[in-house]
2 protein chains.
Amino acid sequence: MKPENRKQEIVKAASILFKEKGYSAVTMRDLAKAMGIKAASLYNHIQSKQEILSTIIIDLAEEFTEGMNKISESDQKTIQKIENIIELHIDVTLRNADGLASLNNDWMHLEEDNLQYFEKMRYDYENNFRKIVQKGTEDKEIKSFNIEIIVFSTLSTLRTLYLWYPKQKDIDADILKKDMISVLLSGIV
Amino acid sequence: MKPENRKQEIVKAASILFKEKGYSAVTMRDLAKAMGIKAASLYNHIQSKQEILSTIIIDLAEEFTEGMNKISESDQKTIQKIENIIELHIDVTLRNADGLASLNNDWMHLEEDNLQYFEKMRYDYENNFRKIVQKGTEDKEIKSFNIEIIVFSTLSTLRTLYLWYPKQKDIDADILKKDMISVLLSGIV
DNA sequence: AAACAAAACTAACGATTGTTAGTTTCAATC
DNA sequence: GATTGAAACTAACAATCGTTAGTTTTGTTT
C-alpha cells in the first residue's frame, strides 16, 4: 500500500466525518477511530488537519473551475452552456458527494493562501456563470428577470445536490440530468 | 434593561458569529468579545452555549412549521400554496437571515430532545411540501416530473436565500417575491 | 536470518475549551 | 446614605484539542 493511497483513504474518511459534523467538530481522534488507528498514526501520512481540509476543498474547486472554463470558452448557445453546467455539477456530485459538504460549509476554515485561492476561484466561477446568463438574456434565449436571481436560484440548487442525491436510490443519473435540466430551465408549471 | 433583552442580544450576536464560522468554531470567549464583556458574564443571562443554539434553531423551525401548517390546511390551489411557501421563506429570511445559517448548517449539534424535535419538524415540513406538489401533479397544475426533484430544487433555493439576499442591496422585497415565484414556477427559458 | 522502511503504537506537551465559584461594580429603591 | 439585585468581573477547574517525540510492530527484500 503506497503512502499516497493511505492518504487518500484518510481524506475520504475525513470527508464523511466533515459532512456529518463539520470540520471544527471532528477531532483527529474521531478520524483515527474511523480509520481503526490511533490519532498520532495519522501523522505518518498527513501533515496536519488543515492539510486534509485543503486537499478536499481545493481539488474540488479546481475541478469546477476547469469545467466552467471549458464551458465558458466554448462557442455553444447559452442554453447548451447552462445544460453543461448542470451536468458538471451532477457529475462531480456523483463522484464525490461527501467532499462537496466541506466545499460548501467549511471553506471558511481554510488558512491564508488557500482561502484566498478558493475565494478567487469561487468568484470567477460565479462571474462566468453570470456572464453566460447575461448573454443569454441579450440574445433573448433567456427571460429577462433579475440576473442575480437566476444565477443564485440555479446555483443554490446545484450546490445542494450533494445533500439530496445520495438519498435517492432509484434515480438514474441520466434521468436526473434530464429532469433537472427541465425543472431548472422550463419550470414546473 | 430586562434580562430577557440581554439574552436576546446575546442570541443575536451569536447568530452572526455562528453564520460566519459555524457553531463549533465559535467559542464563548469569541461571543463575549463581540458583546464587549467577559465569557463568564454571559452565564448571567444564558444557561449554556447549547441553549443559545437551540433558541436560534427551534424558534425558527417552529416559525416554518406554523407557516407551512396554515398553508397546507388552506383550501387554495396548488400554485397559490407554493407561492405562499416562497413568500414564507422570503419573509423569514428578511427577518432573521443570520439565524437561518444555524438552522441550515448547525442543527446536527442540537442535543437529545431538541435534535429529535427539530428532525420531526423538518420531516413534517418536507412531507407537507411533497403532498402539495403531489396533488398539484394529479390536478395537472404541475408538470409530472419526479416529485422529489421538484421538492428538492425548490426547497434548496429557498433554504439558501439567507446566503444571498443580504448581499443584494437594491432588490425590493416585493420584486424579489415576484421574480422568485416566476423563476421557480415558470423557469428561465 | 538479517536489514530496512513503513506504519503503527504509547505518552505526553502546551493551548484552548465550556463552565463554575466567589467577588466587585453600579444604578435604582428605600 | 444604606440596601439590594442585576450584571459585570477575576481566577480557576477538568476535559479535550492538535500535534510531537520516541518506540515498537509489521511486512518485504536481500
Side-chain angles (χ1 to χ4, degrees), chain A residues 1-58 102 105-115, chain B residues 1-58 102 105-115:
Chain A
M1 222 179 272
K2 289 277 182 59
E4 276 306 303
N5 290 342
R6 199 69 174 137
K7 179 178 172 181
Q8 282 168 22
E9 289 182 85
I10 292 172
V11 168
K12 188 170 183 179
S15 299
I16 295 171
L17 294 180
F18 292 168
K19 179 183 181 181
E20 290 169 354
K21 302 169 59 179
Y23 174 74
S24 300
V26 174
T27 71
M28 296 304 278
R29 286 163 181 85
D30 290 337
L31 178 54
K33 183 168 272 184
M35 294 289 297
I37 59 178
K38 298 289 178 180
S41 306
L42 293 169
Y43 289 84
N44 286 319
H45 309 284
I46 53 134
Q47 295 212 340
S48 64
K49 188 185 181 188
Q50 172 70 202
E51 189 203 14
I52 299 175
L53 183 68
S54 57
T55 299
I56 295 172
I57 294 181
I58 299 297
S102 296
N105 301 320
D106 285 320
W107 57 267
M108 72 286 283
H109 299 117
L110 290 172
E111 288 172 356
E112 311 279 338
D113 295 348
N114 277 329
L115 179 57
Chain B
M1 228 180 269
K2 288 277 182 62
E4 277 305 302
N5 289 344
R6 199 70 173 136
K7 179 178 172 182
Q8 282 168 21
E9 288 182 85
I10 292 172
V11 169
K12 187 169 184 179
S15 298
I16 295 172
L17 294 180
F18 292 168
K19 178 182 181 183
E20 289 168 355
K21 301 170 59 181
Y23 175 74
S24 301
V26 175
T27 71
M28 296 303 278
R29 287 165 180 83
D30 290 336
L31 178 55
K33 184 168 273 184
M35 294 288 298
I37 60 178
K38 297 290 176 180
S41 305
L42 293 169
Y43 289 85
N44 286 319
H45 308 284
I46 53 136
Q47 294 212 341
S48 64
K49 188 186 180 188
Q50 173 69 203
E51 189 203 14
I52 299 175
L53 183 68
S54 57
T55 299
I56 295 172
I57 294 180
I58 299 296
S102 296
N105 301 320
D106 284 321
W107 58 267
M108 72 287 281
H109 299 118
L110 289 173
E111 287 171 358
E112 311 280 337
D113 295 348
N114 276 329
L115 178 57

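Chain letters run A, B, ... following the sequence lines, proteins first and then strands; every chain starts at 1.
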Student: Rounding to a whole Å, what distance do you find between A:Ile46:CD1 and C:dA8:P?
Tutor: 12 Å
Student: Drop me the distance from B:Leu42's CG to B:Lys49's NZ, to the nearest 0.5 angstrom.
Tutor: 11.5 Å
Student: B:Tyr23 versus B:Met108: any side-chain heavy-atom pair under 4.5 Å?
Tutor: no
Student: Enter the distance from B:Glu51:CD to B:Ile58:CD1 here, rounded to the nearest 0.5 Å.
Tutor: 12.0 Å
Student: Roughly how many Å is it from CG in A:Leu42 to P in D:dG18, rounded to a whole number?
Tutor: 10 Å
Student: Can you check the B:Met28 CE to C:dT19 C1' distance for me, whole Å?
Tutor: 8 Å
Student: Would you mind reading off the distance between A:Arg29 atom CZ and D:dT16 atom C1', rounded to a whole angstrom?
Tutor: 7 Å
Student: What integer distance in Å separates A:Gln47:CD from C:dA7:C1'?
Tutor: 17 Å
Student: Closer than 4.0 Å, any side-chain N/O of B:Lys49 to the OP1 or OP2 of C:dG18?
Tutor: yes
Student: Specify the separation, in whole Å, of atom CD1 of B:Ile37 and atom P of D:dA6.
Tutor: 16 Å
Student: Does C:dA7 have its OP1 or OP2 closer than 4.0 Å to a side-chain nitrogen or oxygen of A:Ser41?
Tutor: no
Student: Go through D:dA8, C:dA8, D:dT19 for me and flag the one nearest to the A:Asn44 side chain.
Tutor: C:dA8
Student: For D:dA6, take OP1 and OP2 only and decide whether either is under 4.0 Å from a side-chain N or O of B:His45.
Tutor: no
Student: Over how many whole Å does the gap from A:Met35 atom CE to C:dA7 atom P extend?
Tutor: 11 Å
Student: Would you mind reporting whether A:Arg6 and A:Asn44 have side-chain heavy atoms less than 4.5 Å apart?
Tutor: no
Student: With respect to the side chain of A:Ala40, which nucleotide from D:dG18, C:dA11, D:dA11 is positioned closest?
Tutor: C:dA11
Student: Could you tell me the separation between the NZ atom of B:Lys38 and the C1' atom of C:dT25, rounded to a whole number of Å?
Tutor: 15 Å
